[in-house]
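Contents: one structure, followed by commentary.
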Amino acid sequence: MGALEDRTRFEPSEVEPRILRRWIDSGLVHPKPTGTAAENFSIAVPPPNVTGALHMGHALNGSIQDVLSRSNRMRGRNTKWILGTDHAGIATQRQVEKQLERRGTSREAIGREAFVEQVWEWRDLYGGTIIDQFKRLGATLDYDDERFTMDERYAEAVLKVFVELYEQGHIYRDNYLVNWDPGLRSAISDLEVEEHEGVVDTLYSIAYPLASGDGEVVIATVRPETLLADTAVAVHPADDRYHALVGEELILPLVGRRLTIIADDYVKTDFGTGALKITPGHDPNDFEIGNRHALERISVIGEDGLMTAQAGERYAGLTVMAARERVVADLEAQGLIRAREEYVHTVPYSQRSGERIEPLISLQWFMRMDELAGPAIDVVRDGRVRIHPPSQSKRYVDWLSEIRPWCVSRQLWWGHQIPVWYRGSETYCGLTAPDGDGWTQDPDVLDTWFSSALWPFATLGWPEKTPELQAFYPTDVLSTARDILFLWVARMVMMGLRFAGDVPFSDVYVHSIIQAPDGRRMSKSLGTGIDPLDLIDGGPRPPVYSKASHPAGDFPAYGSDAVRFGLLAMSSTQDVRFSEEKIAQGQALANKLYNATRFVALRVGVGVGVGVGAGAGAPNGGVPRGARHAAPPQPRTVEDRWILSRLQAIEAETRARIDGFDFAKAALGLYDFVYGELCDWYLELVKPRLSEDADPDDRAALGATLLHVLRETIATAHPIIPFVTEELWDLLGYTPAEGLLAAGRLPEPDEALRDPAAEEAMSHAIEAIKALRTWRDSVHVKAGAVVPGVLRADGYDETAARIAGLARLEFVAEEAATEPVATIAIPGGAVDVLASDAVDLGAASERLAKARETLEREIARAQAKLANERFVAKAPADVVDGERAKLERLRAELAALEDPAGDG
RNA sequence: GCGCGCGUAGCUCAGCGGCUAGAGCAUCGCCCUUACAAGGCGAGGGUCGCCGGUUCGAAUCCGGCCGCGCGCACCA
């Protein structure tokens with residue numbers, strides 16, 4: 001116990017590594033695959049990219065999932081938090097490409113096979129970083145069972161799903177207009193495209209002469225270079241200006257191709273000239289119009305982002321921008337540019353490479369989603385999958401209701417290569433290459449999200465009917481940020497229903513995105529990002545994070561508990577700004593608990609109240625699993641009954657808040673209990689009972705109660721702040737041999753210990769003490785001075801002595817009282833303060849006048865309200881009665897002030 | 001453009017028809033050194049985004065506006 005005496009602060013850096021080791025070595029993170037998924041608890045972690053480093057999102061989501069895992073584990077459920085990483089096709093390929101560039105070589109130079117080998121090497125070297133970082137958070141992921149989306153077994157599951165979907169006709173190959181990412185040189189899906197608003201371009205008006213030679217039609221475009229691929233000009237069928245021209249032909253400038261003027265409802269008559277050039281090869285809308293009118297598709301922009309041979313000799317090989325300039329110049333030379341104006345519009349960019357999307361026609365693999373979407377909508381509508389907050393369900397359902405085919409092929413090398421082989425006109429889809437010579441496999445790989453969609457069941461060994469699958473599928477909760485609700489969550493539901501025969505999880509929790517303090521997103525390039533590890537260990541605090549209370553310089557080493565607490569406390573169902581104060585609050589809580597434990601350990605001794613075999617009677621169904629059990633609490637006084645009652649409340653509330661995904665309330669509620677009830681009041685109240693000359697029987701009983709309350713508080717807080725609580729568990733008398741708190745049981749609230757009478761008595765006593773302290777302060781009574789007084793109020797039989805102690809009063813019998821110098825209203829009556837040297841009479845009378853003024857104002861207010869006939873007539877009776885009672889109370893308080901010696 | 005959410009004390013938020021609009025943190029003052037100066041006590045600080053309406057009564061409900069965020073969207 002020596003360390004306890006000397007050390008007044010909780011030191012996370014000393015404690016955390018030691019505790020972490022014990023958790024992992026204990027095997028508690030690695031459950032046996034026994035029992036059923038209904039009895040067990042499981043969460044599949046959103047697999048971080050192998051290229052990733054822990055960021056704030058991981059830290060928050062890790063904290064959330066760990067709270068859920070620990071809480072359920074401590075309720076005796078066999079708990080598995082499924083761990084693994086995602087191969088992250090694009091991100092990882094780019095990392096390795098960069099590495100190759102630094103070595104002066106390239107992916108193309110070394111070839112596909114060598115490149116993939118390089119990626120595996122890279123993964124072996126760096127892929128574990130983020131997992132180690134999760135450990136630092138105290139995350140009880142199953143580290144003994146780590147998966148990777150490119151593992152052999154996982155890959156087999158991916159291919160099996162592909163082959164089945166192909167055989168069932170959901171997957172097909174087609175030439176279609178796709179979102180082409182010229183930076184990546186790959187198609188990407190609609191979800192990987194982001195619209196950038198406010199892009200400034202030039203809108204050109206260009207004249208297309210009529211083939212008849214009799215006039216022209218002027219069209220408007222921001223992309224003159226695509227003119228080379230035009231195959232029609234469209235007008236609205238009801239547009240009188242062009243009605244007569246429908247069916248006529250135009251000569252496409254620079255190219256000379258004849259274009260028919262077609263009529264289509266899509267065209268807006270009030271935009272531009274009302275005539276629209278149609279380029280099915282390079283515009284999504286034109287592509288649709290082209291389909292409706294069976295127009296030819298011409299591609300003048302290639303996958304390399306350069307103009308193709310089809311663009312004509314003069315333009316082939318130019319970049320898009322160069323081609324645009326040349327086309328405009330050429331049109332200008334022919335006098336066909338009719339106008340140019342600045343034009344601000346929305347332009348699609350690739351989320352992946354940041355480059356402007358080039359829509360073009362390409363041969364890709366697609367997955368038809370409509371049939372899979374129906375059941376995925378149903379399970380949310382009928383509550384088999386609950387999305388929290390509910391507003392997110394609407395987004396989910398809306399998106400699935402209008403789902404479009406998913407482009408699943410990517411022109412990358414790192415990923416699951418599409419299991420399709422070609423030989424001449426033959427196509428074969430299967431798990432392995434077909435027999436015979438001359439087959440070549442499709443070079444493309446699958447979208448990474450295709451494999452992620454199988455995560456909850458492929459990690460458990462699907463398609464084998466493994467014991468793991470039996471025990472842990474469906475999982476219970478999926479926790480994620482809203483940005484991948486469609487990209488990932490919806491697809492998991494569809495795939496889970498289709499292939500694993502059940503929903504992948506019953507609850508989806510959509511958590512906050514944490515922004516920088518100035519409201520911008522956290523990002524390295526903006527300088528607004530911070531590394532969670534810098535908060536844990538102490539590291540650089542970027543300028544935007546500095547303020548008066550947290551000046552520039554490094555973060556203090558807050559420790560994991562503080563970071564977890566802080567992130568949970570700031571979380572909500574919508575985006576939040578990072579608040580270092582919340583982290584500091586977590587640190588304060590850890591320290592407070594540590595010092596409360598010191599107090600109890602040093603004053604009571606941890607041996608007190610620990611007896612053999614007493615556990616059966618403990619309200620908590622067995623906190624430790626070891627041989628020793630906590631003695632049951634032995635309440636002797638009203639404050640004992642009060643704190644036990646409040647303890648039951650915080651236990652129940654914390655459970656309910658965790659189950660209801662209200663992590664901020666769970667965390668802050670614990671803080672409030674520990675500070676506002678346990679430490680500020682209970683520990684202060686019982687101090688006199690621990691003194692040398694106190695009754696030894698009471699002292700022993702109090703010791704048992706104190707230990708009990710502290711232990712249950714610590715156990716209740718454990719899922720949120722696991723390190724400090726595990727450490728304190730030890731300090732309170734449980735050695736490692738007796739079991740980890742993390743493997744112990746969450747206290748269960750005992751209704752029998754609820755005591756409303758004690759709660760009322762104590763809340764009155766606390767109010768009284770506060771009122772008396774406020775008064776003392778206002779009349780400048782010295783802190784230590786004991787002031788004589790008379791307690792004239794009901795309901796304080798049990799608390800009077802405690803009030804006297806904490807408010808430094810000496811209550812005398814009413815008969816012995818001298819003339820009072822002040823009267824302080826307290827619930828149910830008042831306290832008369834008698835004359836003494838300690839009281840500044842001038843200040844007391846000032847104070848009295850002020851109190852009277854306040855009361856009079858409130859009385860007037862209440863009277864006015866009750867004088868209002870309409871209020872009395874129309875407001876509900878209980879509201880009116882409440883107002884009358886309040887008035888009466890205020891009048892009584894005023895009367896007591898006016899007539900301190902009187903009896904009423 | 002359509003849809004969703006948000007705007008309450010310096011900060012983060014609670015309250016979502018009725019007590020003098022609250023809490024934590026921060027600030028300021030006083031105090032203690034007796035588990036914890038990461039302690040105790042207290043104080044200051046708010047036209048509850050703006051305008052209208054409903055109601056005996058609105059931060060709370062309704063409508064409109066303004067601002068911020070997000071999602072969806074095919075206007076060349």
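By convention in this document, chain letters (A, B, ...) are assigned in the order of the sequence lines, proteins followed by strands, and residues within each chain are numbered from 1.
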Separation of [N] [atom2] from [X] [atom1] (nearest whole Å):
X	N	atom1	atom2	answer
A/D483	B/G71	CG	P	8 Å
A/R292	B/C74	CZ	C1'	10 Å
A/E869	B/G57	CD	P	14 Å
A/R857	B/U20	CZ	P	12 Å
A/F486	B/C72	CZ	P	6 Å
A/Y545	B/A26	OH	P	20 Å
A/L855	B/U20	CG	P	13 Å
A/L866	B/G18	CG	C1'	12 Å

Please tell me if [X] has a side-chain N or O lying less than 4.0 Å from either OP1 or OP2 of [N].
X	N	answer
A/H345	B/A76	yes
A/R603	B/A35	yes
A/Y671	B/C25	yes
A/T8	B/C36	no
A/R404	B/A73	yes
A/K268	B/C75	no

Report, one pair per line, the protein and nucleotides 5-8 of chain B atoms (nitrogen or oxygen only) whose separation is under 3.5 Å.
residue: B/G5; atom: O2'; partner: A/Q574; partner atom: OE1; Å: 2.3

Taking the [atom1] atom in each of [N] and [M], what is the distance between them to the nearest angstrom?
N	M	atom1	value
B/G64	B/G5	P	14 Å
B/C74	B/U47	C1'	46 Å
B/U60	B/G10	C1'	25 Å
B/U55	B/G45	C1'	32 Å
B/G49	B/C16	P	16 Å
B/G24	B/A14	P	16 Å
B/A59	B/C66	P	23 Å
B/C31	B/G7	C1'	40 Å

Considering non-hydrogen atoms only, spot the tightest contact between A/R223 and A/H282 and give its length.
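For A/R223 and A/H282, the tightest heavy-atom pair comes out as NH1-O, 4.4 Å.
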Could you check whether the rings of A/Y509 and A/F663 sit parallel, tilted or perpendicular, using 30° and 60° as the cut-offs?
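Answer is perpendicular, since the angle exceeds 60°.
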Parallel under 30°, tilted from 30 to 60°, perpendicular over 60°: which one fits the rings of A/F578 and A/Y545?
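Perpendicular.
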Could you please name the option among [options] that lies closest to any side-chain atom of [X]?
X	options	value
A/E581	B/A76, B/U20, B/C25	B/C25
A/D680	B/C36, B/C56, B/G40	B/G40
A/F871	B/U20, B/A76, B/G18	B/G18
A/S579	B/U12, B/C56, B/C19	B/U12
A/F271	B/C36, B/C75, B/G18	B/C75

Presence of salt bridge, A/E767 and A/K770, under 4.0 angstrom
no
N-O pairing of A/R884 and A/E888 below 4.0 Å:
no
Interatomic spacing from [atom1] in [X] to [atom2] in [Y] - rounded to 0.5 Å:
X	Y	atom1	atom2	result
A/E684	A/L678	CD	CG	10.5 Å
A/L228	A/T279	CG	OG1	9.5 Å
A/K394	A/I387	NZ	CD1	12.5 Å

Verdict with reasoning, A/E288 to A/R292, per salt bridge (Lys or Arg N to Asp or Glu O under 4.0 Å)
CA-CA 6 Å; A/E288 295 300 329; A/R292 287 202 284 277; 5.2 Å; no
Using a cut-off of 4.0 Å on non-hydrogen atoms, how would the nucleic acid contact of [X] be classed: base, sugar-phosphate, or nothing?
X	result
A/V576	sugar-phosphate
A/K687	base
A/R776	nothing
A/R223	nothing
A/R482	sugar-phosphate
A/Q585	sugar-phosphate
A/P876	base

Would you say the side chains of A/Y558 and A/E580 form a donor-acceptor pair under 3.5 Å?
yes
On the six-membered ring of A/F486, is A/R395 placed so that its NZ or CZ lies under 6.0 angstrom from the centre and within 45° of the ring axis?
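Output yes; distance and angle both within limits.
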Can you find a heavy atom in the side chain of A/T713 that is under 4.5 Å from one in the side chain of A/I650?
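No, their side chains stay 4.5 Å or more apart.
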Between A/L668 and A/R395, which residue's closest nucleotide on RNA chain B lies nearer the 5′ terminus?
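On the 5' side of the pair lies A/L668.
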Between A/Y343 and A/L191, which has a closest nucleotide on RNA chain B that is more 5'?
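In this pair, the answer is A/L191.
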Would you write out the dot-bracket form of RNA chain B, 5' to 3', with Watson-Crick and G-U pairs under 3.5 Å, [ ] for crossing pairs, | for pairs to other strands and . for unpaired bases?
((((((((.[[[[.)..(...]]]].(((((.......))))).....[[[[[..)....]]]]])))))))....
Check: B/A35 base within 3.5 Å donor-acceptor of A/E684 side chain:
yes
Heavy-atom donor-acceptor pair, A/K592 side-chain to B/C36 base, under 3.5 Å:
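Check passes, donor-acceptor contact within cut-off.
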Quick one: does any side-chain atom of A/S571 pair with a main-chain N or O of A/S512 as donor and acceptor, under 3.5 Å?
no
